[in-house]
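To start, the structure under review is shown below, and the notes come after it.
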Amino acid sequence: LLSGSIAPTSFTPCSTDLSQVLLQANQLSGSLHRDLFVGCPNIEFLEISNNKLGGSLDFINNRTSFLYVYASNCQFNGNLPSYLPPRLGDLDLRSNQLEGSIPSWMNPPYVQQLLISNNRISGIIPPSIGLL
């Protein structure tokens, strides 16, 4: 098992061939810096579920290449991301400590799965969710 935190420079520099980061089911902890994957232009698949990672989800905001993000069963907190990558297909944020409401804009054209159960999400479900 991998343990400890992921340094902000862990993926700098980054191979342009890197398209998947699979770090699920470890003992990783701490937060992920918002610019963690900025040097990795082709990461499409991020799997970090079942860790002790926490903090905000700002690291999703800076990655337009993400197609699949799986970050369930961690300790992420705060609000849902303020921006979703335009080609994102799956977003799994189940069983974290997220709170607030579902943003009304949350309907990127390619989203097929939006999994946000077992959080502290409140408010009304925006009509745009029906377009998913």
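Just so you know, residue 1 is the first one in the sequence shown, and it goes up from there. The basis for the numbers below is simple: all heavy atoms, side chains too, and nothing from hydrogens, waters or symmetry mates.
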With a cut-off of 6.0 Å (strictly less than), are more than 12 heavy atoms of other residues, nucleotides or ligands near [atom1] of [X]?
{"X": "L1", "atom1": "CG", "result": "yes"}
{"X": "L115", "atom1": "CG", "result": "yes"}
{"X": "F45", "atom1": "CZ", "result": "yes"}

Within the structure provided, determine whether [X] and [Y] are in side-chain contact (heavy-atom separation under 4.5 Å).
{"X": "L46", "Y": "F66", "value": "yes"}
{"X": "N118", "Y": "S72", "value": "no"}
{"X": "L57", "Y": "L32", "value": "no"}
{"X": "L91", "Y": "I60", "value": "yes"}
{"X": "L88", "Y": "L67", "value": "no"}
{"X": "F11", "Y": "V21", "value": "yes"}
{"X": "L53", "Y": "S31", "value": "no"}
{"X": "I121", "Y": "S101", "value": "no"}

Inter-residue atom distance E44.CD - Y68.OH, 0.5 Å rounding:
8.5 Å

Working to the nearest 0.5 angstrom, can you tell me the gap between S3 OG and N26 CG?
8.5 Å

Suppose we screen for salt bridge (charged side-chain N to carboxylate O under 4.0 Å, His left out). Which residues come up paired with D92, at least two apart in sequence or across chains?
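Per chain and number, D92 pairs via salt bridge (charged side-chain N to carboxylate O under 4.0 Å, His left out) with R94.
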
Restricting to salt bridge (charged side-chain N to carboxylate O under 4.0 Å, His left out), what partner residues turn up for E47, sequence neighbours left out?
none

Run the side chain to side chain contact (heavy atoms under 4.5 Å, CB included) test on D17 and N42 for me, step by step, so that the C-alpha distance in whole Å, both residues' side-chain angles and the decisive distance to 0.1 Å come before the verdict.
CA-CA 7 Å; D17 293 331; N42 297 318; over 6 Å; no

I102 vs I124, test: side chain to side chain contact (heavy atoms under 4.5 Å, CB included). Steps then yes/no.
CA-CA 8 Å; I102 300 170; I124 63 168; over 6 Å; no

State, to 0.1 Å, how close [X] and [Y] come at their nearest heavy-atom pair, and which atoms those are.
{"X": "Q27", "Y": "N51", "answer": "N-OD1, 3.5 Å"}
{"X": "C40", "Y": "R63", "answer": "O-NH2, 3.1 Å"}
{"X": "S65", "Y": "I43", "answer": "OG-O, 2.5 Å"}
{"X": "R34", "Y": "D58", "answer": "CB-CB, 3.8 Å"}
{"X": "P41", "Y": "T16", "answer": "CG-CG2, 4.2 Å"}

Looking only at side-chain N and O atoms, does [Y] offer a donor or acceptor that is under 3.5 Å from a partner on [X]?
{"X": "S29", "Y": "S5", "result": "no"}
{"X": "K52", "Y": "Q75", "result": "no"}
{"X": "D90", "Y": "Q113", "result": "yes"}
{"X": "N50", "Y": "N73", "result": "yes"}

Using side-chain contact (heavy atoms from CB on, under 4.5 Å) as the criterion, point out the one residue from P81, S49, C74 that pairs with L93.
P81

With hydrophobic residues grouped by side-chain heavy-atom distances under 4.5 Å, do L2 and Y70 end up in a single group?
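In one cluster with L2: Y70, no.
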
Let me check something: do L84 and I116 share a hydrophobic cluster, defined by ILVMFWY side-chain heavy atoms less than 4.5 Å apart, either directly or through other members?
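Same hydrophobic cluster.
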
Keeping R120 on the side-chain end and G78 on the backbone end, is there a donor-acceptor pair under 3.5 Å?
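Between the backbone of G78 and the side chain of R120 there is no qualifying donor-acceptor contact (under 3.5 Å).
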
Decide if the gap between the ring center of F76 and the ring center of F59 is smaller than 6.0 angstrom.
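Yes.
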
Audit row: L28, I6, side chain to side chain contact (heavy atoms under 4.5 Å, CB included) steps and yes/no:
CA-CA 7 Å; L28 297 172; I6 300 174; 4.0 Å; yes

Could you walk me through whether L98 and N77 satisfy the side chain to side chain contact (heavy atoms under 4.5 Å, CB included) test, starting with their C-alpha distance in whole Å, then the side-chain angles of each, then the deciding distance to 0.1 Å, before giving a yes or no?
CA-CA 4 Å; L98 300 170; N77 56 40; 5.5 Å; no

